[in-house]
Amino acid sequence: MAVHLVALVAAPAARRAAVLGRGELWVGTLDAVPDRVEALEAVDPGGDAVRFVWWAAGVDAHAAVARGARLSRCWDVAEAHRLIVGGWEATPQSAWATAHRLDRSRLPAASRGDLFDFSPTGHEPGPGGVVRADGYLAPEGGTAHWRPDDQTLLAWAQAALDCAARQEELLAQTGPRAVAAAHSESAAALLCVELARDGLPLDRARAEQLITEAAGPRPDSDAHAREIRAARDRVVLEQVPGHERTDLRNPVQVKELLASAGVDVPNTRKWVLEPFRETSGVVAALLDWRKAERIATTYGWGWLETHVGADDRLRGGWTACDGAAGRMTAQNGLHNLPTSLRPAVAAHPGHVFVRADLGQIEPRVLAAVSGDAALAAATRADDLYAPVAASLGVERPVAKVAVLAAMYGQRSGAAGEALKGLERAYPVAMGFLDRAYAAGLRREPMRTFGGRLIPLDTVLADVTVDGSREGRAEDVVAVPDPGRGTAGDTGRDSGRDSGRDSGRDAARGRFARNAVIQGSAAELFKAWAATVRATTRDLGAQIVLCLHDELLVHVPQEHAELTQQRVEQALTDSARRWTGSTAVRFVADASVISRWSEAKG
DNA sequence: GATTTCACGTA
DNA sequence: CGTACGTGAAATCC
């Protein structure tokens, strides 16, 4: 089957779009786009297919998706660019320059629209063109207020086709999976537009009930809101007479409040205060207050009002990859909704959810990306930690901690003995992790299994260490592992450094080690999601949530079982395609539920 | 007004 | 048992 590239580009400010390729040369209104693309999707029922090429799904596919068009294959230039160079910046001009091997640091500046704007350099494209004489793409193209004429929009479409073809060449040289990764990353970008359109089905009454329980009734005035807030505060403040004026939202004042009650703490974070919960009434009240305050401020009445539509769907923006390793992100609480609110996430009448999550995804991904045959053999088990524990001669919980420590931790401490066992049993996987850590120390960029660049030399050279982890990061310096000469602190960068990594260097090493696993897992997840999207659409199924290793699919209840089967089959198929073999087994726990809270955790 | 710090939710 | 992200309130910077 041949797949033909067809450009679909839009200029939203001009309310026009263009379709170019496969004999099609069309410019028209945004409203007319769905008919054009669906006609192209439908051609050659027994033979060829099309792959739509666009600069970025959020711009070029938005109008088609908003009007209900059903798109299948695509090439998203921005997502392909993010694979090639890492990070998140991905304008058409930048992607074009990279694809054409032009210096990306010398992009022509965008016009400012003022008197100083008119400073021709002799490179500007002629009328109806978008490519400059110096080879760069015109800076105006694709900007928010751009209003090209029809000929220019067609040139913009041609440029997208050209750019995609060159990206494919680059990716084919990057590695054996990079072109396939571009396909699934592109599908994820399209899925993101659909996720933003469709939203997450909610039971509004249940949401209101849960919010009321945590944050009080819906206030009917500002005064009422202040009253409810004061009542919530009072429960804590009355525990410490004489401190009724403390601002509980001010950490400094809270620290003083606790000190006056005999609780001396360096900060007032939950994990610091938790040990005092049993013995201190004010601490217990404060922690309960924090929980309620979180719901009230972040997931309360304002949130419901702002982000949940009249159709009882929670909506937020989605991105197909973050700036670090390539996970999907979502806004408005879609990715961090407290579990206590999950009962409110409910299938709508006549529908159910098929919920599925990938089991033990990260060690299984480690087996695949490292090519460790012994660890791959362990993935045959439903519970990977069982055969690992047997190999090491330890209890399962010890094996689990050891594996997680090897992948993310400081490789020392309590799990030390078991770690040595891992070195013997899975030397290929452990060596892979060591090399990732060492590459991080040396600021050498890495690539995920699918070929996404993980830059460690520029943006991420300054890894920020979260405040709550600072102590642990410094432990790496204070207590280097005596048991093993890690690749990190021995000699490899001995030229300038004395050999002992700083806390910051160690953080970068951990980041690198984490990013190749987390990023590769994100790629498999998106390949899975893209396959589910493609293979369940005929059942009326909608993917309504993607949560790193978990999918929530909203489907008419008569198709529940079939959808579940296809979700499971999709994992088998996409994992085989992604790894190129069946050596590593991936497992999904899938079930049919009505409320998200019914999922077994 | 923009940025940073603190805190905490999810995976 | 580490990493990543998004959000809000208050403090801080300019």
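Naming convention: chains lettered A, B, ... in sequence-line order (proteins, then strands); numbering from 1 in each chain.
- With respect to the salt-bridge test (charged N to carboxylate O, under 4.0 angstrom), the residues A:R82 and A:E79 qualify.
- Using a 4.0 Å heavy-atom cutoff across all strands shown, A:A330 reaches sugar-phosphate atoms only and no base atom.
- In this structure, the CD atom of A:E523 is 17 Å from the C1' atom of B:dA11, given to the nearest Å.
- If you take CD1 of A:I517 and P of C:dC1, they are 17 Å apart, rounded to a whole angstrom.
- In terms of phosphate contacts, A:N250 brings a side-chain nitrogen or oxygen within less than 4.0 Å of OP1 or OP2 of C:dA11.
- With salt bridges taken as basic N to acidic carboxylate O contacts below 4.0 Å, one links A:D312 and A:R204.
- Atom CG of A:L248 and atom C1' of B:dA7 are 14 Å apart (whole Å).
- In this model, no side-chain donor or acceptor of A:R290 finds a partner on the base of B:dA7 within 3.5 Å.
- Between the P atom of B:dG9 and the CD atom of A:E293 lies a distance of 13 Å, rounded to the nearest Å.
- Using a 4.5 Å heavy-atom threshold, the side chains of A:L422 and A:V388 count as touching.
- The shortest distance between side-chain heavy atoms of A:R533 and A:E194 falls below 4.5 Å.
- Relative to the side chain of A:V401, the nucleotides C:dC1, C:dT7, C:dT3 differ in distance, and C:dC1 lies closest.
- Base contact: A:Q518 has a heavy atom under 4.0 Å from a base atom.
- In this structure, A:R229 and A:E362 both approach DNA chain C, and ranking their closest nucleotides by distance from the 5' end singles out A:E362.
- The side chain of A:T339 contributes an N or O atom lying less than 4.0 Å from OP1 or OP2 of B:dT10.
- Closest approach to the A:L404 side chain among C:dT7, C:dA9, C:dC1 is made by C:dC1 (side chain taken as heavy atoms from C-beta onward).
- With distances taken from any side-chain atom of A:H548 to the nucleotides B:dA7, B:dA11, C:dG6, the minimum falls on B:dA11.
- Comparing C:dC1, C:dT7, B:dT10 by their closest approach to the side chain of A:T298 singles out C:dT7.
- Side-chain atoms of A:Q564 come within 3.5 Å of backbone N or O of A:A590 as a donor-acceptor pair.
- Across B:dA11, C:dG2, C:dA9, the shortest atom-to-atom separation from the side chain of A:R342 is found for B:dA11.
- When rounded to the nearest whole Å, the span between CD1 of A:I295 and C1' of B:dA7 equals 15 Å.
- At B:dC8, none of the side-chain N or O atoms of A:N336 fall inside 4.0 Å of OP1 or OP2 (strictly under the cut-off).
- The closest side-chain heavy-atom distance from A:V403 to A:Y426 is not below 4.5 Å.
- In this model, the phosphate group of C:dG6 is approached by a side-chain N or O of A:T329 to a distance below 4.0 Å at OP1 or OP2.
- If you measure from atom CH2 of A:W318 to atom P of C:dC5, you get 16 Å, rounded to the nearest angstrom.
- Classified by interplanar angle (parallel below 30°, tilted 30° to 60°, perpendicular above 60°), the ring pair A:W578/A:F449 is perpendicular.
- For A:R294, no side-chain nitrogen or oxygen approaches OP1 or OP2 of B:dG9 to under 4.0 Å.
- Contact check, A:R327 against C:dA4: no side-chain N or O comes under 4.0 Å of OP1 or OP2.
- Relative to the side chain of A:F511, the nucleotides C:dA9, B:dA11, C:dA4 differ in distance, and C:dA4 lies closest.
- Rounded to an integer number of Å, the gap from CG of A:N267 to P of B:dC6 is 8 Å.
- Among the heavy atoms of the strands lying under 4.0 Å from A:L337 are primed sugar atoms or P, OP1, OP2 only; no base atom is included.
- Which of B:dG9, C:dA10, B:dA11 sits closest to the side chain of A:K270 comes down to B:dG9.
- Among the nucleotides B:dA11, B:dC6, C:dT3, the one closest to the side chain of A:R269 is B:dC6.
- Computed from coordinates, the A:R452 CZ to C:dA4 P distance equals 15 Å when rounded to whole Å.
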